[in-house]
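Heads up: numbering here begins at 1 and tracks the sequence.
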Amino acid sequence: MAESKTYPLVIIGAGPAGLAASIYASRCGVKHIIIGELLGGLIAETHLIDNYPGIEDVTGFEFSQKLTHHAQKYGVEILPVKVNNIKKSGGEFELEIKGKENLKSLAILIATGTKRRKLNISGEVEFLGKGVSYCATCDGFFYKNKTVAVIGGSDSAAGAAVYLSEICEKVFLIYRKEKLRAEKYWVNLIEKNPKIEVVYSTNVSEIVGAEKLQKVNLDRPYNDADFINLDGLFIEAGSDPKLDFARDLGLKTDEGGYVKINSDASTSVTGVWAAGDITNGSDKFRQVITACAEGAIAARSISNYLKR
Ligand SMILES: Cc1cc2nc3c(=O)[nH]c(=O)nc-3n(C[C@H](O)[C@H](O)[C@H](O)COP(=O)(O)OP(=O)(O)OC[C@H]3O[C@@H](n4cnc5c(N)ncnc54)[C@H](O)[C@@H]3O)c2cc1C
């Protein structure tokens, strides 16, 4: 059997954290490869970004493309595939990659971000793609002039509601608490928007339909009814870290399963760094700017480690 190819560094994840790390690693002369399923990362699915300094009003897709091109400018190879498992043996790591030969590396940067949390309610699986979606930017277009709801109270939920109000006739924003936890910026936009109606202190208990979604049942009455008729439902109920593939490494994580990092983005396992949404760093403020910053810090630390 052919010997696996060994890289000084493998970056897992092609989002802002992985791509920023790649730019810095290239400029430090660290040979590496990126393995990341979704080029540009989660931000590619976002409607509009207007909080990354120096870049105003850019769509998530355009921003993710700019980031990818910037990393590729330095000649990095990006494999758009999934890492299934990593094992450490001595001072090396062996990566099992879906549909490709295994790779070896001396250092690993984990920048795999998060996955959308499911509500685990009746109808959620049954009506996925038949009215239920986890991505307003991807699927909002299908609900032109229709009535939809967004579940959640975060920046992502608020952003999705505002985006959908530009396409749909009516948008309900259903949140389990009394007050949205989104930034004031989003709350102001929502309050001024006549198409968005916020349903506070309410949970969706069931998603109901026939061929496709027709209504959601609520755990308390709203406008004298315990249901809302809908054409589409967008679930923005938070995220969980994507770390299953690294379970054999035994990395220390916090109570939410996010990788614990030191100030140089190193982890509890020698030779492994982590950056971006997957970590407990940057005061758990999971944004593009913090992901890029952690990626840059990790790249510098890895470069110093490899020189030693
Ligand atoms: C709807 C929405 C709106 C947002 N709006 C903003 C905003 O306006 N401004 C802002 O700053 N932030 C925003 N964010 C947050 C921002 O998207 C994230 O903070 C940022 O994308 C984190 O970057 P990351 O590189 O850590 O992870 P991600 O962007 O999630 O990238 C992870 C990468 O890892 C890959 N990956 C995962 N598992 C594996 C595996 N096993 N094998 C190979 N590859 C794998 C993924 O395919 C992807 O390439 C928003 C998020 C959402 C959901």
Side-chain angles (χ1 to χ4, degrees), residues 4-44 46 49 51-56 58 60-81 83 86 91-93 95 97 100 103-113 242 246 259 261-267 269-283 285-308:
S4 308
K5 192 167 179 187
T6 303
Y7 287 85
L9 166 66
V10 174
I11 296 176
I12 310 171
L19 293 167
S22 171
I23 293 167
Y24 277 77
S26 294
R27 292 171 62 101
C28 290
V30 176
K31 284 217 172 76
H32 64 284
I33 186 170
I34 301 177
I35 307 172
E37 279 186 290
L38 177 64
L39 285 193
L42 203 55
I43 204 71
T46 306
I49 306 169
N51 57 3
Y52 194 89
I55 303 182
E56 292 170 49
V58 65
F61 182 69
E62 201 184 333
F63 183 80
S64 68
Q65 283 203 318
K66 276 181 190 286
L67 263 179
T68 308
H69 291 157
H70 196 169
Q72 284 171 330
K73 181 176 109 176
Y74 292 103
V76 71
E77 185 186 354
I78 306 179
L79 288 184
V81 290
V83 173
I86 312 176
E92 279 190 354
F93 298 91
L95 290 89
I97 301 161
K100 302 263 176 198
L103 287 183
K104 283 186 177 168
S105 74
L106 305 178
I108 298 268
L109 173 62
I110 297 178
T112 45
K242 270 187 165 176
V259 181
I261 55 167
N262 303 308
S263 59
D264 65 348
S266 60
T267 68
V269 175
T270 304
V272 180
W273 281 255
D277 281 11
I278 190 76
T279 79
N280 72 337
S282 303
D283 204 23
F285 189 39
R286 298 190 175 99
Q287 290 283 287
V288 172
I289 193 165
T290 51
C292 289
E294 287 182 18
I297 291 166
R300 190 178 72 145
S301 175
I302 293 166
S303 169
N304 291 339
Y305 170 82
L306 290 171
K307 275 182 204 147
R308 286 198 300 272

(request) Measure the CG-CG distance between L106 and L306 for me, rounded to the nearest 0.5 Å. (result) 6.5 Å
(request) Begin with the C-alpha distance, continue with both residues' side-chain angles, and end with the deciding distance and a verdict on side chain to side chain contact (heavy atoms under 4.5 Å, CB included) for L19 and I78. (result) CA-CA 10 Å; L19 293 167; I78 306 179; 4.2 Å; yes
(request) State whether the side chain of D264 and the backbone N or O of S266 hold a donor-acceptor pair below 3.5 Å, judged by distance alone. (result) yes
(request) Work out which heavy atom in Y7 is nearest to a heavy atom in E77; give both atom names and the distance. (result) OH-OE1, 3.8 Å
(request) Identify the heavy atoms of W273 and I302 that sit nearest to each other, and give their distance. (result) CD2-CG1, 3.3 Å
(message) If we count only N and O atoms by modelled type, under 3.5 Å, do the side chains of Y24 and R300 hold a donor and an acceptor together?
(response) no
(message) Minimum heavy-atom separation for I34 and G13, please, with both atom names.
(response) CG2-O, 3.5 Å
(message) The criterion is side-chain contact (heavy atoms from CB on, under 4.5 Å); which residues satisfy it with Y52, sequence neighbours excluded?
(response) I49, I55, F63, V288, I289, C292
(request) Any chance you could measure R308, atom CZ, to S303, atom OG, to the nearest 0.5 Å? (result) 10.0 Å
(message) To the nearest 0.5 Å, what is the distance between CD on E92 and CD1 on I108?
(response) 10.5 Å
(message) I'd like to know if the side chain of R286 reaches the main chain of A291, judged simply by a donor and an acceptor atom lying under 3.5 Å from each other, with no hydrogens or angles considered.
(response) no
(request) Please report the closest heavy-atom contact between L9 and A25, naming both atoms and the distance. (result) CD2-CB, 4.2 Å
(request) Taking T290 for its side chain and S282 for its backbone only, find out whether a donor-acceptor pair lies under 3.5 Å. (result) no
(request) Examine distances only and state if a side-chain atom of T267 and a backbone atom of V272 form a donor-acceptor pair shorter than 3.5 Å. (result) yes
(request) State, with a plain yes or no, whether a side-chain heavy atom of I23 is found less than 4.5 Å away from one of Y74. (result) yes
(message) So, taking the atom named CD in E294 and the one named OG1 in T279, what distance separates them when rounded to the nearest 0.5 Å?
(response) 3.5 Å
(message) To the nearest 0.5 Å, what is the distance between CG on N262 and CD1 on I297?
(response) 12.0 Å
(message) Under a 3.5 Å distance rule, please check whether S26 uses its side chain to pair with a backbone N or O of S22 as donor and acceptor.
(response) yes
(request) State, yes or no, whether a side-chain contact exists between I12 and I86 at a heavy-atom distance under 4.5 Å. (result) yes
(request) Report the residues that fulfil side-chain contact (heavy atoms from CB on, under 4.5 Å) with S64, sequence neighbours left out, ordered by chain and then residue number. (result) I43, A44, F61
(request) Using a 4.5 Å cut-off on heavy atoms from C-beta on, say whether the side chain of H69 contacts that of Q72. (result) yes
(request) Working to the nearest 0.5 Å, report the span between CD1 of I33 and CG of L95. (result) 10.0 Å
(request) For the pair T112 (side chain) and K242 (backbone), establish whether a donor and an acceptor sit closer than 3.5 Å, ignoring hydrogens and angles. (result) yes
(request) Indicate the atoms forming the closest heavy-atom contact of V81 with I35, along with that distance. (result) O-CG2, 3.4 Å
(message) Show the nearest heavy-atom pair for residues G271 and Y305, with the distance to one decimal.
(response) CA-OH, 3.8 Å
